[in-house]
Structures are given as C-alpha cells and as structure tokens.
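These notes concern the structure reproduced below.
Note on naming: letters A, B, ... go to the chains in the order of the sequence lines (proteins, then strands), and numbering restarts at 1 for each one.
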Number of protein chains: 2
Amino acid sequence: MGGSRSTVIGRPRGFDTDEALERAMRVFWEQGYEGSSLTDLTGAMGITKTSMYAAFGNKEQLFRKVLQRYADGPAGYFDDALEQPTARAATEALLRGAVRTSTLPGKFAGCLTIQGALPACDGNRPAHDALVQFRNEAVERLEQRFRRAVDSGDLPGDAAPRRLARYVMALAFGIPVHAANGLGRAELDEIVDQVMISWPRVS
Amino acid sequence: MGGSRSTVIGRPRGFDTDEALERAMRVFWEQGYEGSSLTDLTGAMGITKTSMYAAFGNKEQLFRKVLQRYADGPAGYFDDALEQPTARAATEALLRGAVRTSTLPGKFAGCLTIQGALPACDGNRPAHDALVQFRNEAVERLEQRFRRAVDSGDLPGDAAPRRLARYVMALAFGIPVHAANGLGRAELDEIVDQVMISWPRVS
DNA sequence: CCTGTTCTGTACCGAGGGGTACGCTCGTGG
DNA sequence: CCACGAGCGTACCCCTCGGTACAGAACAGG
C-alpha cells in the first residue's frame, strides 16, 4: 500500500500549485470569500477554471486549502507565540504577530480569518463555519497555554486562563479591524504597548 | 419657509418605511452587505423591488439608511457611554453595550458595522467605505472623550488618549467577532471584567 | 507509431444578481 | 366623476455567478 508511483502518467500540470494557492490566498484575503469570484481567483492564479477545478475541487475546497496555507504561513506567528517561555511573552508575541500580518505591504490590510467570511449567508456557510472553527481553536489553544502558566506559577493563581485568553483574542480580533480602517503598523504596535502595560504581574 | 404640504397627492404608501428599514437592518446584520440579495431584503421587508427602489433609491442607499438607523438604535449605547461621568465608566458602558448589542436574541450575533462589509471587493466598495468612516469616527469620538478626561484629571496625566481609545476600540471590534464565534453574553461580560481590572488608575 | 491517462482551453449551462419599463391601482382635488 | 399623480406588481433587462462537457494537447509505456 502507499507505494508512491514515481512514474507520472498523463499530461503534466502546467502550473505550480503552491504558487497558485499563494495567489488565491491573496485574493481571498483582500476580498473575502464571497467577494472573490472564480474569475478573480483564476485570473490571479493564471489558470483556467477547468484547471482550478481539476486541481482543487471547487471554490469551497480551494478556500480550505488556502486557509491551511494561511495558518502555516502568515498566521504562523501564532504557533511561535505559544512557545514563548512566559504567558506575558506569548501574549506580546501573539499580538505583535497579528499587527505584522495585518499590515503587510500591498493592500492586504487585515486578517483572512476575520474578514474572510464573517457574516453567515446562504452562499458562504461552509467558509464561515471553517473560520469559526479556526478562530475558536485558536482561543482554546491560548487558554491551554495560560492554564499551563498558572500551574507553573508564571501567572498569578487567581488569574482565570479562559477569561484571559478570550480577552487577548478579542484584541487579536480587533487589531485587524483597525488595520482595515487604515491604521499602520506603528499605530497598532502602540495598542500592544497599552495592553502590555496592564498585563497582570506575578506578585 | 418650507410650508409642508399637508395634502398628500397620489396613492399612499402601503407599508411603514420605519418597519421596513428595521427588517432590512436585520438582514444586513445577519448576512452582510454582499450576502444580502434584493430578494432577501424585499422578502423580509414585505415589499416588492419596485417599492423598495421608489422608497430608498437602491441597495447601497438602503444600506446607508440602515446604517443610520443602526447608529440611532442598537448602537445608541455608544453615545450614552460617552456621556458617562468618568473615562472608566465610559469605557465600561461602551464595552458592555457592545456585548449586549452583539448578543441580542434571534441569531443576530455580532455587529453590523463589523461584519457588514469588512473586505473591500468590487461590488461593496461604497458600503465598505461607509463602515470604515463609521468606525473611524467612533474611535475619534472616544479619543476626544479621553482627552477631556486627561484635562480634567480623571485620567492620569501620562495617559495617551489616542492610544487608549484605540485600545478600547480594538476590544469593541473584537467582542462582536467572539459573538459571531458563538460566545454568549455572560462570557463576553467576563472579558469586560478582565478589561476593567487593569484599567489605569488616577494615582 | 498507437494507447492510455491526465491536463488545458473553449464554449456553454441554469441560476441568481441588481435594476427597470410599464400598465394597473388607489388616493386626492377639481 | 374624472383627471392627476404617486405607489404597486409583473414581467423582463443584461450581467455575472459557480460549475461543467467535450475536444484537443502533452506526456509515459509498449
């Protein structure tokens, strides 16, 4: 089983799927799921609709693959942040990562997971649900990180990990909205400064 | 001048524009600008497309009127909050208002000004721009409220009103996203508790 | 060369989008 | 009671949507 056939049969693919996914990600990022038509997507990807369907399935599955790529790429700061030695450092890394990703050059203001499909209407229910799950998993992972911090004495014993995680994630959700409003990296970093000033101390 | 002609000529309107706007607001709220088709809207309003165009202009103008109604109604907590005696009370009232409006009964989770049209694509540029302006005005008004608080000694002299306003508004933007993720009123209020614990004190 | 297999390009599908033309209905004023 | 003027309903406009059928093009193996 699973013996990968090294010999490829049939006509070889005429484009790089990774590059195509990258371009699709940018379109979804800028315009959201509903706002991105297949014409927009395939135009940016440099392929035809037929090739896109053969390679990725359909628009919804393309979006899921883009979301996975987003998690591994632009949103990779999240995993890195959780590995910081202290809860405080994790929070700061998370928020500064959100700032950086929300203010990449080239009119990508905001965050794919926020503006991808916030409202739930008929056409985008799958994309919407996928993003809800994505965001909720992030909250939960941060909560577990804080729980460990409480156990290890890194956070005060009376700190509520779940509440704290939701608080931090509320900021992580709000920062991309500020970015969509036009705020730049320096201004958003000031918000993070403000957050860190009031971060709960151990003693 | 402007003696309003009390005598109305022509066939009278067969529906209540206020009621129709209210219903349109709910549709836009749930489904966003792009996700709300004219069929959805007029269906909920109980009128035909023709009546809607005659009464409100077109979809974009309808959205603007809905946005105005939203500001006067569900988002009215914002004006009330700014009139609170202290910056602290204003912040708490603002955030608790955001929580309440984001968790109204009947699957209206979230905030019209956030999920109405976050990404900017071809079709919804006007709605998107209107919401950007709406949100930025809110930030600015809160900043001015905080500036007054610093002048009057209500906030510490070293507090940065603009930074503080952006910080609070980041939370006000993030809370509706949490609501869209499924969090309830009690859970969101806990986030506000967390914010208020660390609010800067005068001395 | 031919066969098998996969990708590509064109041309097309039904459905639904926002928006409108036009005749009908309902009220007022003469 | 009749003309007027505005709201209403139907039926339709063109366009774009996501998705597909089908024939041709490019590779491997024989």
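Protein atom CG of Asp16(A) is 12 Å distant from nucleotide atom P of dT8(C), rounded to whole Å. Protein atom CG of Asp122(A) is 13 Å distant from nucleotide atom C1' of dG17(C), rounded to whole Å. Per the geometry, CD1 belonging to Ile9(A) stands 14 Å off C1' belonging to dA26(D), to the nearest Å. Note: CG (Leu41(A)) to C1' (dT16(D)) measures 14 Å, nearest angstrom. Here the P atom of nucleotide dG9(D) and the CD1 atom of Ile47(B) are 9 Å apart, to the nearest Å. When rounded to the nearest whole Å, the span between CG of Asn124(B) and P of dT16(D) equals 17 Å. If you measure from atom CZ of Arg11(B) to atom P of dC26(C), you get 6 Å, rounded to the nearest angstrom. Atom NZ of Lys49(B) and atom C1' of dG17(C) are 8 Å apart (whole Å).
Residue-level contact check: Ser36(B) touches the backbone only, with heavy atoms under 4.0 Å from sugar-phosphate atoms and none from bases.
A 4.5 Å side-chain heavy-atom check between Asp18(B) and Glu22(B) finds every atom pair outside the cut-off. Under the 4.5 Å side-chain criterion, counting only non-hydrogen atoms from C-beta, Arg26(B) is not in contact with Leu112(B).
At most 12 heavy atoms of other shown residues, nucleotides or ligands fall within 6.0 angstrom of atom CD in Glu140(B).
Listed in residue order, the members of residues 52-66 of chain B having a heavy atom less than 4.0 Å from DNA chain D come to none.
Using cut-offs of 30° and 60° for the angle between ring planes, the Phe146(A) and Trp199(A) rings count as tilted. Classified by interplanar angle (parallel below 30°, tilted 30° to 60°, perpendicular above 60°), the ring pair Tyr33(B)/Phe28(B) is parallel.
Taking for each of Gly10(A) and Pro12(B) the nucleotide of DNA chain D with the nearest heavy atom, the 5'-most of the two is the partner of Pro12(B).
Of all heavy-atom pairs between Leu118(A) and Ala180(B), the closest is CD2-CB, 4.1 Å.
Between Thr50(B) and dG7(D) there is no side-chain polar atom (N or O) within less than 4.0 angstrom of OP1 or OP2. The side chain of Ser51(A) contributes an N or O atom lying less than 4.0 Å from OP1 or OP2 of dT8(C). Taking side-chain N and O atoms only, Arg13(B) has a distance below 4.0 Å to OP1 or OP2 of dG7(D).
A side-chain donor-acceptor contact under 3.5 Å links Arg135(B) to the backbone of Thr113(B).
Nearest nucleotide to the side chain of Leu38(A), out of dG18(D), dG9(C), dC27(D): dG18(D).
Both the sub-6.0 Å distance and the 45° axial angle are satisfied by Arg13(B) relative to the ring of Phe15(B).
Helix bend of the helix from dC1(C)-dG30(D) to dG30(C)-dC1(D): the angle between its two end axes, each built from five pairs, comes to 10° after rounding to 10°.
Using a 4.0 Å cut-off between a side-chain N of Lys or Arg and a carboxylate O of Asp or Glu, Arg141(B) and Glu137(B) do not qualify as a salt bridge.
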